[in-house]
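Keep in mind that what you see is a predicted model, and the values were worked out from it rather than measured. Values reported hereafter were calculated over all heavy atoms of this structure, with side chains retained and with hydrogens, waters and symmetry mates removed.
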Amino acid sequence: MTATASSVVTGLEPTTFWAHFDALTHIARPSRDEEPAIDHVHRWAGEHGFDVAQDEGRNVVIRVPATAGRESAPTVVLQGHLDMVCERDPASPNDPAAGRIELVLDGDWLTANGTTLGADDGVAIAAMMALVEDESMPHGPLELLMTVAEEVGLEGANALDPALVSGSILINLDSEEDGKLTVGCAGSTDTWVRIDQPREATSEDHETFTVTAGGGLGGHSGMNIALGRANAVKILGRALRETYADVPFRLVSLDGGKSRNAIPRDAVAVCSVAPDRADAFRKAVEQANSTIRDAFVKTDDGAAISVADAPAAADAWTEEATATLLDAIALVPTGPLALSPDFDDLVETSTSLGEATTEGGTLTLHSLSRSSNDSALPEVVATLDAAARLAGGELEVKVNYGGWRPNLDSPALAAGKKVYERLFGEPPIVTAVHAGLESAVISDKVAHTLDMLSFGPQIEFPHSPDERVSVPTVERFWKLLVALVDELSVQGGR
Ligand SMILES: [Zn+2]
């Protein structure tokens, strides 16, 4: 601990928690490179005489015996991830990837100077360590499960050896909204529609244009899927289809989207057009643009289509192939497909076309489909498969992990609600997220049923140098955690 850093957290409650949190700011823990953090928790566990196990994926579990009188309670797994996103302003002297995070207290918020803070998910690791160090806080047998590489597609959880987890209750400490108990999340499946269609040389006198979709808001492909934001690949496909209906042309390429996890903000197509149709082509694209802008005027008013001259292309798909490919883009669904039966305004099932790529004669459309209802996703995949086959292509499917379907009768939830109300005098908001959480992956891995709950303090702008955590909500998070492990060990022990 450096003097400056520790002075920032000095006086903050709970003291032990903040000391552990502060220590983590001096330890490099980028995803896939967590060794210094793993050594740190290993050493700490050794000092306290706790058993440590690690799997080949480098996930760590620390086994903590029950406090006196709670030995017969069910084993509770406390879970969080060791890694953090290491972003920094280019000019900053600080660098989380080198273990240099400079804490700044700004009113009720703790942030970092010029870098990510690592409250996501340092609060989980610090809370686990502080909790079990204090022998005055009763708990049953605990398994402190610290995963790695969460921020790069839940890699650590995906590689989890189920032998690490024997507990029947799992408390995930990687939620970022104060006052909420999360009891569900979406599973996900990746698909690739691959359509190979014939190409021929272009005529020398043909004109070449780029048609570009851009200016939309984008956003998370799960959390933001029901906000009516324009998907650049979809609106580009629509503009081209509407244009083609008036002015047939040949598609040279169509590419867009940067990540399966984001709603595409940019997409571009290259088109080869007969010289006597060039003016009509431009006009038709502009017409399509005005219809599309109108469609999104209330939800994404920056989204637009533009057309520009481009260098000549050597070859292109045939007119017939172009029509087929544009039909396929129309058929690949994107957006919410079903709402949660348990919670208002929550999407249960969705699919998002995330990336389009042209390689030779093949157009590939990569989607990420999500649901907390595992039985809903096969129908979405069947739709994508039908789109692929109708266009003469095929579908590749990769099931990532199942969803965590809300169980409103969960004993862990009942205990969480009871303790929350007792502490704070009002009920918590019980909810689920339309995104992935490690708990879903973990429960998929272990053979026994896990009763699960997730919560955390208020963390804003995670993964960016603006990341900050609300100090008063950390104290609330801490009180809830302490009281919940106590409650769960009393219930089980009786
Ligand atoms: Zn996290």
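Here H448 contributes atom NE2 and S443 contributes atom OG; the two are 10.0 Å apart, rounded to the nearest 0.5 Å. Taking CD1 of I429 as the reference point, atom OG1 of T182 lies at 10.0 Å (rounded to 0.5 Å). For the atom pair CG (L236) and CZ (R241), the distance works out to 10.5 Å, reported to the nearest 0.5 Å.
For the salt bridge (charged side-chain N to carboxylate O under 4.0 Å, His left out) test, residues two or more places apart in sequence or in another chain that qualify with R260 are D190. In this view, E286 satisfies the salt bridge (charged side-chain N to carboxylate O under 4.0 Å, His left out) rule with no residue, not counting sequence neighbours.
Counting only N and O atoms by type, the side chains of T362 and D196 include a donor and acceptor under 3.5 Å apart. Defined by atom type and a distance below 3.5 Å, a donor-acceptor pair is present between the side-chain atoms of E143 and S166. In this structure, a donor-acceptor pair under 3.5 Å is absent between the side chains of E87 and H463. Side-chain N/O atoms of S369 and T351 include a donor and acceptor closer than 3.5 Å. Judged purely by distance below 3.5 Å, without hydrogens or angles, the side chains of T115 and N94 never pair a donor atom with an acceptor atom. A side-chain N or O of S371 and one of T349 form a donor-acceptor pair less than 3.5 Å apart. There is no side-chain donor-acceptor pair under 3.5 Å between E177 and Q458. When only modelled atom types and interatomic distance are considered, T473 and D178 share no side-chain donor-acceptor pair under 3.5 Å. Under the 3.5 Å distance criterion, with hydrogens and angles disregarded, no donor-acceptor pair is assigned to the side chains of S470 and D108.
Under a 3.5 Å cut-off, the side chain of R199 and the backbone N or O of V252 do form a donor-acceptor pair. Judged by distance alone, the side chain of N172 and the main-chain N or O of S454 form no donor-acceptor pair under 3.5 Å. For T358 (side chain) and S253 (main-chain N/O), no donor-acceptor pair under 3.5 Å exists by modelled atom type. Between the W192 side chain and the L395 main chain, no donor and acceptor come within less than 3.5 Å of each other.
The heavy-atom pair separating A213 from I235 by the smallest distance is CB-CG1, 3.9 Å. Nearest approach of A391 to A328, heavy atoms of both residues: CB-CB, 3.8 Å. When all heavy atoms are compared, the tightest approach of L437 to C185 is N-SG, 3.5 Å. Residue D309 comes nearest to R282 through the heavy atom pair OD1-NH2, 2.9 Å, listed as atom of the first residue, atom of the second, then distance. Closest heavy-atom contact between E151 and S31: CB-OG, 3.5 Å. The minimum heavy-atom distance linking P462 with E176 is given by the pair CG-OE1, 3.5 Å.
More than 12 heavy atoms of other shown residues, nucleotides or ligands fall within 6.0 angstrom of atom CD in E35. The number of heavy atoms from other shown groups lying within 6.0 Å of CG (D344) does not exceed 12. For CD of E394, the number of neighbouring non-hydrogen atoms (other residues, nucleotides, ligands) closer than 6.0 Å is 12 at most. Within a 6.0 Å sphere centred on CG of D345, other residues, nucleotides and ligands contribute 12 heavy atoms or fewer.
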Step-by-step side-chain hydrogen bond (donor to acceptor under 3.5 Å, both in side chains) determination, S350 to H434 | CA-CA 9 Å; S350 75; H434 194 56; 2.7 Å; yes

Determine, step by step, whether V469 and L117 satisfy the side chain to side chain contact (heavy atoms under 4.5 Å, CB included) criterion, reporting the C-alpha distance in whole Å, the side-chain angles of both residues, the deciding distance to 0.1 Å, and the verdict.
-> CA-CA 8 Å; V469 63; L117 172 64; 3.8 Å; yes

Under the side-chain hydrogen bond (donor to acceptor under 3.5 Å, both in side chains) criterion, do D255 and T357 qualify, and how do the steps go?
-> CA-CA 5 Å; D255 297 273; T357 44; 5.3 Å; no

After noting the C-alpha distance and the side-chain angles of F343 and E348, does the key distance pass the side chain to side chain contact (heavy atoms under 4.5 Å, CB included) rule?
-> CA-CA 9 Å; F343 303 110; E348 181 180 70; over 6 Å; no

Audit row: L173, V123, side chain to side chain contact (heavy atoms under 4.5 Å, CB included) steps and yes/no | CA-CA 8 Å; L173 305 173; V123 294; over 6 Å; no

Could you please spell out the steps behind the salt bridge (charged side-chain N to carboxylate O under 4.0 Å, His left out) verdict for R277 and E319?
-> CA-CA 14 Å; R277 294 178 186 169; E319 274 191 16; 3.2 Å; yes

Side chain to side chain contact (heavy atoms under 4.5 Å, CB included) evaluation trace for L254 with L240 = CA-CA 10 Å; L254 192 150; L240 295 174; 3.7 Å; yes

Test salt bridge (charged side-chain N to carboxylate O under 4.0 Å, His left out) on E355 and K258 and set out the steps.
-> CA-CA 6 Å; E355 291 171 295; K258 288 201 172 77; over 6 Å; no

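Judged by a 6.0 Å distance limit and a 45° cone about the ring axis, R250 is not positioned over the six-membered ring of W317.
Across V41, L24, T147, a single residue satisfies side chain to side chain contact (heavy atoms under 4.5 Å, CB included) together with L82, and that is V41.
Between Y244 and F249, the ring-plane angle classifies as perpendicular under the 30° and 60° cut-offs.
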